[in-house]
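See below for the structure under consideration.
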Amino acid sequence: MAWKRKDVLGLEEFGRDEVELVLDTADSMHEILRRPIKKVPTLRGKTVVTLFYEPSTRTRTSFELAAKYMSADTVSIATATSSVQKGETLRDTARNLEVMGADCFVVRHGMSGAPHFLARVLEAPVINAGDGMHEHPTQGLLDLYTMRRRKGRLEGLRVAIIGDVAHSRVARSDIWGLLKFGAEVRVAGPTTLLPLGFEELGVKVFHRVEDALEGADVVNVLRLQLERQKRGLFPTVREYAKFWGIGRERLALAQPDVLLMHPGPMNRGVEITTEVADGLHSAILEQVTNGVAVRMALLYLLLGAAEAERPGEPRPVEAGAARAGGED
């Protein structure tokens with residue numbers, strides 16, 4: 001299929017065919033990352049702006065590297081040292097950057113819906129890099145991509161999402177994406193950290209972590225997001241680790257070839273032990289690499305796919321790129 005979407009705001013609005021196009025395109029981008037020289041001219045002359053109103057390491061850096069690997073220029077706006085501190089609005093900040101020649105905006109904001117607002121007022125594409133407690137679509141896509149590369153499929157997988165689901169935009173994007181492929185999605189966590197209404201979507205909700213882990217093909221452990229929580233949602237971090245933390249014994253309840261994931265940053269010893277985070281089942285660092293490939297794919301589809309092929313320059317993605325099943 002041809003890419004028709006101007007912005008990437010959330011996986012809820014994506015069709016299954018659009019998700020598959022991104023994942024297939026990421027396969028070709030992943031090949032670029034294995035080269036000694038990770039550089040293609042695909043987006044030469046384009047400028048990608050990362051506009052982050054919240055802290056980030058993996059997402060921000062991977063977007064900047066993704067753009068650079070395709071020869072785009074990048075501009076990183078740190079709001080702590082920008083005119084935002086003087087009272088400039090989000091709209092005015094973005095519009096000023098657009099008229100300077102920005103071709104794409106990657107936006108993280110603490111308010112749900114902020115990237116959607118910018119998508120309406122900007123002509124340039126907007127990619128949601130996490131908005132409030134709404135969605136984190138590129139993390140969702142890289143999680144799906146990691147599952148597909150390791151398991152060879154998404155259909156029918158039993159995926160357990162464990163922890164602070166209520167405050168997790170990653171969980172929401174993962175759920176929307178997985179349900180499009182008929183995966184069995186399970187969530188588990190303290191009752192105070194589980195949002196209402198997930199059962200209506202077809203998600204299985206568990207109140208004991210052991211029940212959710214039983215026979216799971218994939219376990220995605222969420223970070224305990226203390227910065228977003230009101231006080232009193234659980235007694236202590238130590239108690240959370242005791243009843244909900246994923247260690248070797250609990251992980252053994254899942255399938256023998258279980259895939260362990262975490263969106264990062266990890267609170268080692270709280271939601272996950274170092275033993276399993278660095279163990280044989282872990283794909284946590286692989287997720288980071290895959291995140292660059294997926295974000296390269298999105299930048300290509302938004303900025304490069306519709307442009308005429310330059311004479312003498314090979315396209316980095318061929319139509320109908322084959323899926324990669326299993327590990328390299």
Side-chain angles (χ1 to χ4, degrees), residues 1 3-33 48 50 56 58-67 69-70 104-108 115-116 119 125-131 134-155 157 159 161 168-183 185 218 220 222 259 261-264 283-305 317 321 323-325:
M1 65 166 288
W3 183 264
K4 299 179 181 178
R5 191 174 292 276
K6 169 184 171 285
D7 309 292
V8 176
L9 301 176
L11 292 192
E12 180 180 3
E13 62 192 45
F14 266 56
R16 172 172 170 161
D17 55 348
E18 290 179 290
V19 174
E20 288 180 325
L21 177 59
V22 175
L23 303 189
D24 290 345
T25 306
D27 279 335
S28 296
M29 299 305 177
H30 201 279
E31 187 276 327
I32 293 171
L33 295 178
V48 175
T50 55
S56 173
R58 279 156 295 279
T59 302
R60 184 175 195 159
T61 304
S62 65
F63 263 114
E64 292 177 0
L65 287 173
Y69 291 156
M70 292 191 290
C104 181
F105 288 82
V106 180
V107 181
R108 171 169 288 187
H116 301 69
V126 174
I127 301 176
N128 180 4
D131 63 325
H134 174 231
E135 275 210 55
H136 192 347
T138 64
Q139 180 71 43
L141 287 166
L142 77 86
D143 286 349
L144 296 178
Y145 184 63
T146 302
M147 294 178 206
R148 199 179 78 168
R149 283 185 66 84
R150 279 289 197 102
K151 295 296 185 180
R153 74 188 198 284
L154 293 171
E155 296 83 357
L157 288 179
V159 181
I161 301 174
S168 176
R169 50 200 177 200
V170 173
R172 287 169 176 81
S173 289
D174 279 3
I175 289 167
W176 284 119
L178 287 165
L179 290 177
K180 297 178 193 302
F181 290 86
V185 183
V218 180
N220 197 3
L222 302 175
L259 177 65
M261 302 171 61
H262 192 299
I284 295 172
L285 290 179
E286 194 174 324
Q287 286 176 265
V288 179
T289 301
N290 291 342
V292 180
V294 165
R295 286 157 182 148
M296 288 174 70
L298 288 170
L299 291 173
Y300 167 75
L301 291 168
L302 288 169
L303 296 175
V317 178
R323 295 182 184 179

Worksheet item: So do the side chains of Leu303 and Pro125 get within less than 4.5 Å of each other, counting heavy atoms only?
Response: yes

Discussion item. Does this structure show an ion pair linking Arg148 with Asp24, if we count only N-O contacts that are shorter than 4.0 Å?
Written reply: yes

Item to complete: Compare all side-chain heavy atoms of Phe181 with those of Glu20 and state whether any distance is below 4.5 angstrom.
Response: yes

Discussion item. Let me confirm one number: the CG-CG distance from Leu222 to Asn220, rounded to the nearest 0.5 Å.
Written reply: 6.0 Å

Worksheet entry | Cationic N near anionic O, under 4.0 Å, Lys4 to Glu18 | no

Fill in: Presence of salt bridge, Arg172 and Glu12, under 4.0 angstrom
no

Fill in: Gap separating the CD1 atom of Ile32 from the CE atom of Met70, nearest 0.5 angstrom
7.5 Å

Worksheet entry | Smallest separation among heavy atoms of Glu135 and Ser173, with atom names | OE1-OG, 2.6 Å

Item to complete: Check the pair Thr50, Val107 against side-chain contact (heavy atoms from CB on, under 4.5 Å), reporting the backbone distance first and the verdict last.
Response: CA-CA 6 Å; Thr50 55; Val107 181; over 6 Å; no

Worksheet item: If you take all heavy atoms of Leu299 and Phe63, which pair is closest and at what distance?
Response: CD1-O, 4.2 Å

Worksheet item: Taking the side chain as C-beta and beyond, is there a heavy-atom pair between Val106 and Arg60 under 4.5 Å?
Response: no

Worksheet entry | Test side-chain contact (heavy atoms from CB on, under 4.5 Å) applied to Arg58 and Gln139, step by step | CA-CA 10 Å; Arg58 279 156 295 279; Gln139 180 71 43; over 6 Å; no

Worksheet item: Where is the tightest heavy-atom contact between Pro115 and Asp131, given as atom of each residue plus distance?
Response: CD-CB, 3.4 Å

Worksheet item: Relative to Phe14, does Arg5 satisfy both conditions: NZ or CZ under 6.0 angstrom from the six-membered ring centre, and within 45 degrees of the ring's axis?
Response: yes

Worksheet item: Can you name the closest pair of heavy atoms from Ala283 and Leu259 and give their distance?
Response: CB-CD1, 3.4 Å

Worksheet entry | Note, Met261 side chain near Met147 side chain (heavy atom, < 4.5 Å) | yes

Worksheet item: Within the distance-only criterion (no hydrogens, no angle test), does the side chain of Lys180 pair as donor or acceptor with the backbone N or O of Asp17 below 3.5 angstrom?
Response: no

Response to the item:
Closest heavy-atom pair, Val126 versus Asp7, reported as atoms and distance to 0.1 Å, is N-OD1, 2.8 Å

Worksheet, complete the sentence: CG (Asn290) and CG (Leu33) are apart, to the nearest 0.5 Å, by 9.0 Å

Discussion item. Are Tyr145 and His30 packed together at the side-chain level, in the sense that at least one heavy-atom pair is separated by less than 4.5 angstrom?
Written reply: yes

Practice prompt. Under the salt bridge (charged side-chain N to carboxylate O under 4.0 Å, His left out) rule, collect the residues that match up with Glu31, sequence neighbours excluded.
Written response: Arg35

Discussion item. If I take atom CG from residue Leu298 and atom OG1 from residue Thr25, how far apart are they, to the nearest 0.5 angstrom?
Written reply: 8.5 Å

Discussion item. Applying side chain to side chain donor-acceptor pair (under 3.5 Å) to Arg108 and His136, what does each step give before you reach the verdict?
Written reply: CA-CA 9 Å; Arg108 171 169 288 187; His136 192 347; 3.1 Å; yes

Fill in: Side-chain heavy-atom pair Leu154, Leu23 within 4.5 angstrom cut-off
yes

Worksheet item: Going by heavy atoms in the side chains, are Arg295 and Leu141 under 4.5 Å from each other?
Response: no

Worksheet item: Does a salt bridge link Arg16 with Glu155, judged by any charged N lying under 4.0 Å from a carboxylate O?
Response: yes

Discussion item. Please enumerate all residues that pass side-chain contact (heavy atoms from CB on, under 4.5 Å) together with Ile284, with sequence neighbours excluded.
Written reply: His262, Met266, Ile272, Ala277, Ser282, Gln287

Item to complete: Check whether any side-chain heavy atom of Ile127 sits under 4.5 Å from a side-chain heavy atom of Phe105, and report yes or no.
Response: no

Worksheet entry | Closest contact, heavy atoms only, Trp3 versus Leu301 | CD1-O, 3.3 Å

Worksheet entry | Basic-acidic side-chain contact under 4.0 Å: Arg169, Asp174 | no

Fill in: Qualifying residue for side chain to side chain contact (heavy atoms under 4.5 Å, CB included) with Leu144, from Leu157, Val22, Leu178, Val159
Leu178

